[in-house]
There are 2 protein chains.
Amino acid sequence: MKAPRQSDVARLAGVSQSAVSRVVSGDIDRIPEETQDRIRAAVKELGYVPNAAARNLRNKSNRLLGVHTFESVFPHAREDFYFEFLLGIEERAEEIGYDLVLFTSTGTSDGRRRIYRDGTNRLNLADGTVLLGAATDREELARLWHDGYLFVHIGRREVAGADIPCIIPDYVSAADRIVTSLADRGHRHLAYLRSGIEQEAYADRRTGYRNAIERLGLQDRSPGYRGEPGLTEEWLGELASGPETAVVAENIGLAEDLRTGLAARGLSIPADVSVAVLEGSGDEPGHRWDCLVIPRKEIGRIAIDALVTRVENPDEEPVSQLVACDLVAGETVAAPGKKE
Amino acid sequence: MKAPRQSDVARLAGVSQSAVSRVVSGDIDRIPEETQDRIRAAVKELGYVPNAAARNLRNKSNRLLGVHTFESVFPHAREDFYFEFLLGIEERAEEIGYDLVLFTSTGTSDGRRRIYRDGTNRLNLADGTVLLGAATDREELARLWHDGYLFVHIGRREVAGADIPCIIPDYVSAADRIVTSLADRGHRHLAYLRSGIEQEAYADRRTGYRNAIERLGLQDRSPGYRGEPGLTEEWLGELASGPETAVVAENIGLAEDLRTGLAARGLSIPADVSVAVLEGSGDEPGHRWDCLVIPRKEIGRIAIDALVTRVENPDEEPVSQLVACDLVAGETVAAPGKKE
DNA sequence: GGCGAGTGCTCATACGTATGAACGTGCAGC
DNA sequence: GCTGCACGTTCATACGTATGAGCACTCGCC
């Protein structure tokens, strides 16, 4: 009942184990057709299948790529956040013949996931790993990098002293282009509605916004991208009474709040104020925001390719990649409204 | 730069490789605290992590569970079909400290996935595998079983000569209860709307339906569950002119078609005809069907538990499990209508 | 003092594969 | 007939781990 080995096949075919190994793994330069056939017949008869663990031990490659998130992979609240990335990851892995390991064994009781646990890094089971998720643990990332482990991260992550290879949605350019398109529509006075999130992706949004404002000589006064995060009454008041005709919001949640707040003041979108959002809106019901589109599936595919490149050329310097985000027109941007 | 091995740790700690092995794998009965500490310190200093392949080769166990579908795991059209199963699978795997391998390397150019490919069964990399999906390949399933590979299948699958261990949504009972509830509402003449799908899950629906009809002495005349599949004009005609006051449809698609067909004849649901569906309807927009609920997440969890039980007790007879489906009330069943 | 029972550790081996080196054989060329 | 060479095959080993068996030593007890 035990699985047959190469030596079993060899005995049946009347050859040595190494001959079998050569045939099953394709190193057949010096093995005549006839012997090959005999070996293949024996393989078939015994139902031999190679032992992956032994192969891996012998070689050093697994054709196994890891996927690690610091939260549950199949997510609950953040469903659309991960899902599309995974789509691309799976699709590309399948195309190039790699399997995927979902690291779920690293869960702790508090719902977070740790890579290192009692000193053990389970990730080393795979040839390399794609890391993703909002809740990245910087310390672990740094340690992983210092250990020389092969990985790429989806989304930009900066850690002092480490040069993390990332696949980065180009928020800088997207934010710039969104501001530019508002300017093209005639808006000269903008406001930026920021969240409380301090993360590279948000820093990039702010950079892109600021760049465009300065380059185009637009006005971003109060409330401004430098202000306090969140949507306060004070912020709304300034916006309502100020000259701003357009708002750029960091994410959909903020934009929704903004709509409510404006409505309470008798202002509507986009008649009075145009609003663009620096986040993909997906297919949520309700108004269609003017926003950017993160090509998540594409990014997943690129991440796999980048990882495999690293796996196959371990000595080359890792390199981060920018991925362009498209802009999508919605119903929330118009020419400057009556407010002006 | 190469990953440290137990022998490296051993040298540093001034002990033998086997002592290191004993400590890292917890066999410490006869190793004093002090030595353990020295070894652990060395482990930490070198950043030693066990080599999964070697462990697996030696042990035969990996703490790695496979997930194989015969279609793309992260699906496109069938999104909700797989997704909830995966949720449960991941959740449970995390709880019990196993990792998951998504077998994506087995894709063929035609979009299907094969387990066996040029004689190699990639699955044997994992300790065991959860198989799921509508497009199960019977032949591969049989071969897998005959090879003694450890797996469980989500959904009932029968293959001649093999006793496939399955986690089975109890469609028999659910269909029975749906008919019973229709009878309780006063319906005596029912019709069954069948799809063209010939699969165990549909056979079970039909069995449950027939059981209840017979047990309760109800009438299922034309068009009946034995009839031709699909919704034909003829079928509709018989229904419209016959005494039936309720229809049990095999799936949502059929039910939607039925609604359209009835409307064309001036009949509405549930005023004229009550309709219950033998499939979960999810959160689709539109009318809320009276239907059953497949506890997909729960089934995913159970599948993992069943698989792990098999992995840990390979000698025990594999056993299939039924999982009860709840019924959910919608807006499509009422007391027998004016038609009667 | 001799013996049994623990304690702390090491030795040696097996798991299944891949592969460079080596070996034997037959044949062509001088 | 000896050398060189291509061909077909096998030998031997390494990959990193786990573990039963075994060794050396100490302690307690009669």
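The analysis underlying the following values was restricted to heavy atoms, covering all of them including side chains, and did not include hydrogens, waters or symmetry mates. Here is the naming used below: chain letters follow the sequence lines, and residue numbers restart at 1 for every chain.
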**Report entry** Distance-only donor-acceptor test (3.5 Å): side chain B:Arg22, base C:dT10
**Finding:** yes

Query raised in the report: What is the nucleic acid contact for B:Arg30, judged by heavy atoms within less than 4.0 Å: base, sugar-phosphate only, or nothing?
Result: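 Here B:Arg30 touches the bases of the nucleic acid.
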
Query raised in the report: Across the strands shown, which category fits A:Asn59 at heavy-atom distances under 4.0 angstrom: base, sugar-phosphate, nothing?
Result: sugar-phosphate

From C-beta outward on [X], which listed nucleotide comes closest to its side chain: [options]?
{"X": "A:Pro32", "options": "C:dG20, D:dG16, D:dG8", "value": "D:dG8"}
{"X": "A:Arg5", "options": "D:dT10, D:dT9, C:dT17", "value": "C:dT17"}
{"X": "A:Ser21", "options": "D:dT17, D:dG22, C:dT19", "value": "C:dT19"}
{"X": "B:Ala19", "options": "C:dT10, C:dT19, C:dT17", "value": "C:dT10"}

Query raised in the report: Does the distance from a Lys or Arg side-chain N to an Asp or Glu carboxylate O, for B:Glu140 and B:Arg157, drop under 4.0 Å?
Result: no

Query - Toward the 5' end of DNA chain C, by each residue's nearest nucleotide, B:Val15 or B:Arg58 - result: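 With B:Arg58 and B:Val15 compared, the 5'-side residue is B:Val15.
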
Looking at [N], I'd like to know if its phosphate oxygens (OP1 or OP2) sit under 4.0 Å from a side-chain N or O belonging to [X].
{"X": "B:Arg55", "N": "D:dT17", "value": "no"}
{"X": "B:Thr35", "N": "C:dC9", "value": "yes"}
{"X": "B:Gln6", "N": "D:dA18", "value": "yes"}

Query raised in the report: Does the A:Arg38 side chain pair with the main chain of A:Ala13, one donor and one acceptor, at a distance under 3.5 Å?
Result: yes

